[in-house]
Amino acid sequence: MPRKKRAANNTGSVYRRSDGRYGYSYTAPDGKQINRTAKTEAEAVQRLNAAIASMTRGEYVNPSAMTVEGWLCIWLEGYAPNTAKASTIDTYRTTIENRLIPALGKYKLQTLRVDTIQALVNQQQKGAHKLAPSSIRREMSILKRALGQAVENQLITRNPASAVKLPKIEQKEIKFLSTGETAALLEALPMTTQGRAIRFILGTGLRVSELCGLRWCDLTAEGLNVNQTLYIVEGKRLSEEEYQGKRLVGTTPKTEAGRRFIPFNDKLSEIIAQQRHAQRLERMRAGDAWQGGEPCKGEQFIFATACGTPTDRHNIARTLRSCFDRIGLERRGPHALRHTFATRWVQSGKDPVTLSKILGHSNVAFTMKIYVHADNASKQDGMNFMANLI
């Protein structure tokens with residue numbers, strides 16, 4: 001069957017193959033003829049045009065010369081942003097720059113072998129600086145995604161990361177706060193925005209990123225609507241220009257269940273009232289340094305900084321660690337407050353299905369497995385009751 005020419009000036013061509021698929025070919029800057037296939041004619045034209053455009057810009061790299069580092073950078077900038085959220089891209093970038101490129105970047109993409117990646121995984125499980133199985137799995141997941149795209153782009157014929165054997169993850173139980181520890185923490189919390197934020201997480205079960213993304217427009221007289229999560233990525237706060245332009249590093253919840261309503265009780269209403277008063281005072285103190293919107297209204301963040309900008313979740317974690325140090329308790333992150341909320345709910349005998357909805361889970365079994373724990377006192381109460389059976 002005759003080839004079907006598509007490109008002008010002999011820069012390349014697209015043609016129909018005898019097997020029904022489409023092929024495209026072009027001459028690389030080094031004079032080599034490159035031949036590739038695509039599932040559709042439109043896809044073949046698109047890939048050909050992309051190759052020609054990269055040659056025009058002087059950015060073209062022959063597939064056989066492409067390094068793992070080169071491809072990871074291309075994937076991170078050109079493909080990952082279309083499939084992942086800003087906070088996830090930040091994790092991708094950190095992992096690629098700090099782990100994958102130093103270990104694998106020098107290899108040619110087409111010569112990267114399974115045993116090379118497996119050796120890296122095995123080495124990362126040894127020594128004083130060994131990585132946790134979860135960290136290794138997250139790293140390999142990123143590599144697998146990037147190499148999977150390379151397969152689709154026909155840069156390589158198979159994904160070597162798919163055959164790597166990864167370490168098993170042992171589910172670690174995140175410790176929740178006992179009744180005494182909770183009371184001690186509440187006593188130690190400062191009367192600041194950070195202190196009120198911690199108390200609010202403990203009273204609602206919110207994720208810290210959801211707390212940071214909470215705006216005054218998300219509140220009603222009866223409670224709050226969880227509509228977004230907020231992250232400060234790349235280790236930076238938002239500049240005034242980025243903030244005013246609504247370049248919030250915020251995203252919608254991962255699942256539909258994440259969008260939810262949480263009713264208020266008297267103590268939560270009191271925290272909000274205190275924060276409303278505090279933000280108005282902060283606005284007056286800040287003067288021209290204020291970078292937020294109108295205090296206590298609209299899209300202005302509730303638990304914002306003293307100048308109105310979004311709060312970094314890491315600052316809340318630091319305040320929490322400081323409180324634990326001051327009262328002599330083991331350090332735990334903000335997620336332990338969410339665990340404590342869920343555990344206390346179940347221990348009170350309240351409906352676990354309702355708890356799952358408040359936490360933003362779509363599966364109540366997941367809620368019970370991951371977020372609910374039993375302390376020794378609860379175990380003893382249960383065993384005392386079961387004594388009736390014998």
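Worth saying up front: this structure is predicted, and the values here are computed from it rather than measured.
Surrounding CG of Asp266 are at most 12 heavy atoms belonging to other residues, nucleotides or ligands under 6.0 Å away. Within 6.0 Å of CD in Gln33 there are more than 12 heavy atoms belonging to other residues, nucleotides or ligands. By the 6.0 Å contact criterion, CZ on Arg145 is open, its count of non-hydrogen atoms from other residues, nucleotides or ligands being 12 or less. By the 6.0 Å contact criterion, CZ on Arg326 is enclosed, its count of non-hydrogen atoms from other residues, nucleotides or ligands being greater than 12. The environment of Gln46 atom CD is sparse: at most 12 non-hydrogen atoms of other residues, nucleotides or ligands sit within 6.0 angstrom.
Partner of Gln118 under the side chain to side chain donor-acceptor pair (under 3.5 Å) criterion, out of Asp115, Thr116, Asn122: Asn122 alone.
Atom CG of Leu120 is separated from atom CG of Leu143 by 8.5 Å, given to the nearest 0.5 angstrom. Taken from NZ in Lys350 to CD1 in Ile358, the straight-line distance is 11.0 Å, to the nearest 0.5 Å. Taken to the nearest 0.5 Å, the CD atom of Gln275 stands 12.5 Å off from the CZ atom of Arg199. Here the CG atom belonging to Leu337 is positioned 5.5 Å from the CG atom belonging to Leu320, to the nearest 0.5 angstrom.
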Open item on the list: Assess the residue pair Phe301 and Leu211 against the criterion (side-chain contact (heavy atoms from CB on, under 4.5 Å)); give the C-alpha distance rounded to whole Å, side-chain angles, the decisive distance to 0.1 Å, and a yes or no.
Closed with: CA-CA 9 Å; Phe301 294 100; Leu211 181 283; over 6 Å; no

- [ ] Assess whether ring-ring contact (aromatic ring centres under 6.0 Å, His included) is satisfied between Tyr79 and Trp71, documenting all intermediate values.
- [x] CA-CA 11 Å; Tyr79 293 90; Trp71 173 247; 5.7 Å; yes

Open item on the list: One pair to check against side-chain contact (heavy atoms from CB on, under 4.5 Å): Asn315 and Asp312. What are the steps and the verdict?
Closed with: CA-CA 6 Å; Asn315 288 339; Asp312 188 338; 3.8 Å; yes

TODO: Would you please test Leu206 and Ile262 for side-chain contact (heavy atoms from CB on, under 4.5 Å) and show each step?
DONE: CA-CA 9 Å; Leu206 284 172; Ile262 301 178; 3.9 Å; yes

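In this model, a donor atom of one side chain and an acceptor atom of the other lie less than 3.5 Å apart for Ser13 and Ser25. The closest side-chain donor-acceptor pair between Arg16 and Tyr22 falls under 3.5 angstrom. Using a 3.5 Å distance cut-off with no hydrogens or angles, the side chains of Gln228 and Glu210 do not pair a donor with an acceptor. For the 3.5 Å distance criterion, the side chains of Asp218 and Asn225 fail to qualify, holding no donor opposite an acceptor. For the 3.5 Å distance criterion, the side chains of Thr367 and His361 qualify, holding a donor opposite an acceptor.
Scored by the ring pair (Phe, Tyr, Trp, His ring centres under 6.0 Å) test, Trp75 finds Tyr92 as partners (sequence neighbours excluded).
Met284 forms part of a hydrophobic cluster together with Leu281, judged by ILVMFWY side-chain heavy-atom separations under 4.5 Å. In this structure, Phe261 stands alone, with no Ile, Leu, Val, Met, Phe, Trp or Tyr side-chain heavy atom under 4.5 Å from its own, directly or through other members.
Salt-bridge check for Lys267 with Glu270: failed, with every basic side-chain N at 4.0 Å or more from each acidic carboxylate O. By the 4.0 Å N-to-carboxylate-O rule, Arg21 lies too far from Glu41 to be salt-bridged with it. Contact check on Arg332 versus Glu181 returns a salt bridge, with a Lys/Arg side-chain nitrogen under 4.0 Å from an Asp/Glu carboxylate oxygen. Salt-bridge check for Glu77 with Arg93: passed, with a basic side-chain N closer than 4.0 Å to an acidic carboxylate O.
Among residue pairs with one or both ends in residues 108-140, none qualify as ring-ring contact (aromatic ring centres under 6.0 Å, His included); sequence neighbours excluded. Listed by first then second residue, pairs satisfying ring-ring contact (aromatic ring centres under 6.0 Å, His included) with a partner in residues 194-215 read Phe200-Phe303, not counting sequence neighbours.
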Donor-acceptor pairs under 3.5 angstrom involving side-chain atoms of residues 158-165: please list them, not counting sequence neighbours.
residue	atom	partner	partner atom	Å
Asn159	OD1	Ala161	N	2.9
Asn159	ND2	Lys144	O	3.0

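Using cut-offs of 30° and 60° on the angle between ring planes, the pair His339 and His335 is perpendicular.
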